[in-house]
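A short worksheet on the structure shown next.
First the proteins, then the strands, lettered A, B, ... as listed; each starts at 1. Computed from a predicted structure; not experimentally measured.
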Protein chains: 2
Amino acid sequence: MDAHRLLIFRQIAHSGSIAGAARSLGWTQPAVSQHLRHLERQVGMALVLRRPRGIQLTEAGTVLLRHADAIATRLHAADDDLDALAQLREGTVRLAAFPSASAALVPAAMSLLAQRHPGMDVRLREAEPPEALDLLATGEVDLALTFTHAGEHPADHPGLVRVVLGEDPVRLVLPRSHPHAHAAPPDQPVNLRLLSEERWIGGCERCTANLLQTCQDAGFVPDIRHSTDDYVVTQALIARGLGIGLLPQLALDAFRNPGVTVRVAAKLRPRTVHLIHHREADHIPAVRSAVRALHDTVSPLPPGSS
Amino acid sequence: MDAHRLLIFRQIAHSGSIAGAARSLGWTQPAVSQHLRHLERQVGMALVLRRPRGIQLTEAGTVLLRHADAIATRLHAADDDLDALAQLREGTVRLAAFPSASAALVPAAMSLLAQRHPGMDVRLREAEPPEALDLLATGEVDLALTFTHAGEHPADHPGLVRVVLGEDPVRLVLPRSHPHAHAAPPDQPVNLRLLSEERWIGGCERCTANLLQTCQDAGFVPDIRHSTDDYVVTQALIARGLGIGLLPQLALDAFRNPGVTVRVAAKLRPRTVHLIHHREADHIPAVRSAVRALHDTVSPLPPGSS
DNA sequence: ATAACCCCCAAGCAATACTTATGGCATGGA
DNA sequence: TCCATGCCATAAGTATTGCTTGGGGGTTAT
C-alpha cells in the first residue's frame with residue numbers, strides 16, 4: 001500500500017472530484033487521475049465511481065478513506081510533536097557532570113535554560129569524567145562535563161566532540177589560623193615552596209596526580225596524609241588544622257567552610273572544563289540550547305545585551 | 001511530512017542501521033542514507049546518531065518512530081480490510097428489484113450468494129424500474145433489476161450499464177372455471193381474439209400499456225375493469241371470476257392462486273429482465289459476485305459442473 | 001448551442017530515486 | 001601491526017517516476 005497515493009486518494013475523496021483534488025494540490029487533473037488509477041490497479045478494485053459531476057466512493061473507497069484519514073492525522077501529530085521539539089516547548093537533555101560542576105555550574109545553567117525554555121526537561125547525573133564519557137558513548141546522556149588538569153590530554157571517543165567551556169583556577173586552601181593565611185594581601189600569590197613541610201590532603205585520583213605534579217614543579221614532594229574527593233570533607237579537615245590542600249574554584253563556589261582561607265599561589269595551573277557531546281548535537285535543539293546555556297553561564301553576555 | 005520517507009526511517013530504526021534497512025528493502029546503502037538525510041533536512045533536526053556499529057535514535061527520532069509505527073500498522077490494516085473485500089469475506093451489495101423479481105428471483109440468487117460467500121451482506125430494496133434507476137443513479141443501490149416489455153426501449157442513465165438477464169414469458173391467467181381454461185392441451189396457445197369480450201384486469205402502468213398493445217395486435221381493445229400492480233390481488237380477482245389478465249411467469253412462480261389456470265397464448269411477447277449496474281461494477285468484487293449469482297440463478301450451470 | 005464542468009488517454013519533459021564508485025572511520029582477528 | 005569487515009558519507013550517472021501538455025468524449029446548465 002503506497003502511503004503517498006493513499007493521501008492523494010484522501011484528497012480526492014474529500015474534495016469530491018479528481019479535478020478538485022488537483023486544484024487543492026496545485027497540480028493538473030491528469031496527474032491526480034493517474035495516481036488514482038495506479039492505486040486502484042494496486043488494490044485490484046475500483047475505489048471511486050466516475051460520475052459526471054465528480055466521483056463517488058465505492059465500499060472499498062469508503063473503507064480506505066477511514067485509514068487514510070487516520071494516517072493523515074498521525075502525520076500531522078508527528079509534525080506537531082517535532083515542532084514542539086524544534087521550538088523547545090518540549091525536549092529532554094540528559095547531562096553528566098563531575099561533582100563540583102554539578103554543584104556550582106550546572107544548577108545555574110539549568111536555571112537559565114528553564115527561564116529560556118520553560119517546557120524543557122533537564123536531567124543531571126553526577127559522574128566523574130571517565131564515567132561521564134562512557135555514559136555519553138553508550139547514549140545514556142547527551143552531554144558530559146569533564147575536566148582535565150594541565151598536561152593531561154583527554155581520552156577521546158569516536159563520534160564525540162570536545163569543546164573547552166572554560167578554565168577553573170585551582171586555589172590553595174589553608175586553615176584560617178594558618179601563618180600564611182593572612183601573611184600578605186589576599187591577591188598576592190603564596191610561594192608553595194614555603195609549604196613543603198605541611199601535611200597535605202589529596203583529592204580524587206586525577207586531582208592527587210595534579211597535586212603531586214604541582215608540588216614537583218615547586219620543588220618538593222608533598223606529605224599526603226588524607227585523601228577524599230569530597231570538597232566538603234576536604235575543607236572540614238583543613239578547617240580543623242589537619243592539613244592543607246588545593247581545591248578548584250568551582251568547588252569553592254559550591255561550598256566554603258568558614259574555617260578556611262583561600263589563597264592564590266604560584267605554580268598552580270588551572271584545570272580546563274570541557275563540554276563533550278555528539279557530533280550531531282548542533283542538530284538536536286534541546287542539546288544545542290543546553291550547550292548554549294552552559295556557555296552563557298560560564299561567560300555571561302557582555303553588558304548591554306539585555 | 002513525507003510518509004514514504006517516514007516508513008523508510010522506520011526500517012532504519014527497527015533494523016538498527018542504515019545498511020540493515022537497505023538490506024531489508026532490497027536497496028543499496030546510499031539510497032537509504034539519502035532518504036534519511038532528506039528527512040532530517042525536512043524536519044530540521046537530527047533523527048539518528050551515526051555511530052560505528054549502526055545508528056541510535058535521538059529524542060526526535062524516538063518520537064517520530066512511534067508515529068511511523070502507528071502509520072505502518074494502519075497501512076497493514078488497510079491492506080487487510082481491502083483483502084477481505086477482494087476475497088469476499090466481507091462486502092455489501094445493495095440491490096433494487098421490481099416486485100415479482102424480488103419475490104421469486106432475488107431470494108434464490110441471494111441464497112446462492114450466501115452459500116458462495118457467507119460473509120457477504122446483501123440488501124434488497126423493492127422498487128419499480130424507474131425508481132430503481134434513480135436509486136442506482138444517486139448511488140443508493142449498486143444493482144437494479146428492471147424489465148421492459150417488447151417494443152419499449154429503456155431509458156438509459158449515463159455511466160450505467162444495462163445487460164439482459166433473461167426473458168420472462170407473459171401468460172394468460174383465467175379462472176379455473178373459465179371455458180378456455182381446459183378447452184385444449186395446456187401447451188396449445190389460446191387465441192386472444194376469442195377473449196375480446198371478456199373483462200380484463202390491468203397491472204402496473206407499463207404492464208397495462210403492454211396489455212393494450214398485445215390486444216391491439218390481436219385486433220381488439222380490452223375492457224379493463226380493474227387495475228392493480230399486485231399479482232396476488234390480480235389472481236384473487238381472477239379466481240373469483242371478476243376478470244382475466246396477463247401475468248409474467250416470475251409473478252406466477254412467486255405465487256399461484258389455486259383458483260386460476262395459466263395458459264400460453266399467441267401474440268403474448270415476453271418481457272425482458274435487465275440487470276443494471278455501474279460501468280465499474282466489474283471491479284467491485286461484491287457487485288461482480290452478485291451479478292454472477294443473478295446470472296447463474298436465471299441460467300443455472302449445465303449439469304456436470306458441480 | 002455553446003460554455004463549463006467532469007473525466008480519460010498518449011506523449012514528452014523534468015524531477016526524483018536508486019545505483020555505481022569511492023573514501024573515511026572504527027573494530028576485531030591473524 | 002596490518003588487513004578484513006562492518007558501518008557511514010559523498011558524488012556522479014542512469015533509470016524510473018511523476019507531472020505537464022495537448023489532445024478527446026461526455027453531461028449539464030445558460
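Evaluation of the ring pair (Phe, Tyr, Trp, His ring centres under 6.0 Å) rule for A/H274 yields no partner, not counting sequence neighbours. Residues passing the side-chain contact (heavy atoms from CB on, under 4.5 Å) test with B/A68, sequence neighbours excluded: B/L6, B/R10. With sequence neighbours excluded, the residues forming a side-chain contact (heavy atoms from CB on, under 4.5 Å) with A/E126 are A/P99, A/S102, listed by chain and number. Checked against salt bridge (charged side-chain N to carboxylate O under 4.0 Å, His left out), A/D2 has the following partners two or more places apart in sequence or in another chain: A/R5. For B/D121, the side chain to side chain donor-acceptor pair (under 3.5 Å) test picks out B/R123, with sequence neighbours left out. Remark: B/R66 engages B/T62, B/V63 in a side-chain contact (heavy atoms from CB on, under 4.5 Å) (not counting sequence neighbours). For A/V291, the side-chain contact (heavy atoms from CB on, under 4.5 Å) criterion is met by A/L143, A/L275, A/H277, A/V287, A/H295, not counting sequence neighbours.
Between B/R94 and B/E140 no salt bridge is recorded (no basic side-chain N to carboxylate O distance below 4.0 Å).
Looking at every heavy atom in both residues, B/T138 comes nearest to A/Q56 through O-NE2, 3.7 Å.
When rounded to the nearest whole Å, the span between CD of B/Q56 and P of C/dA26 equals 17 Å. In this structure, B/L49 places its CG atom 16 Å from P of C/dA26, rounding to the nearest Å. Residue B/I18 contributes atom CD1, which lies 14 Å from atom P of C/dC18 at whole-angstrom precision. In this structure, A/R53 atom CZ and C/dC7 atom P are separated by 12 Å, rounded to whole Å.
An OP1 or OP2 oxygen of C/dC6 is reached within less than 4.0 angstrom by no side-chain nitrogen or oxygen of A/R51. Considering only side-chain N and O atoms, A/R23 lies under 4.0 angstrom from the phosphate OP1 or OP2 of C/dC6. The phosphate of C/dC18 has neither OP1 nor OP2 within less than 4.0 Å of any side-chain N or O from B/T28.
When the nearest nucleotides of DNA chain D are assigned to A/D2 and B/R50 by heavy-atom distance, the more 5′-ward of the two goes with B/R50.
Looking at heavy-atom distances under 4.0 Å, B/S17 makes contact with sugar-phosphate atoms alone, never a base.
Of all nucleotides in DNA chain D, those with any atom nearer than 4.0 Å to a heavy atom of chain A start and finish, going 5' to 3', at D/dG18 to D/dA29.
Sorted by first then second residue, the ring pair (Phe, Tyr, Trp, His ring centres under 6.0 Å) pairs that include residues 13-64 of chain A, not counting sequence neighbours, are A/H4-A/H35, A/W27-A/H35. Within the structure, ring pair (Phe, Tyr, Trp, His ring centres under 6.0 Å) pairs that include any residue of residues 81-101 of chain A comprise A/F98-A/F147 (at least two apart or interchain).
The stretch residues 29-47 of chain A touches DNA chain C through A/Q29, A/P30, A/S33, A/R37, each having a heavy atom under 4.0 angstrom from the strand. For DNA chain D, the residues of residues 4-13 of chain A within the heavy-atom distance limit of 4.0 Å (strictly under) are A/R5, sorted by number.
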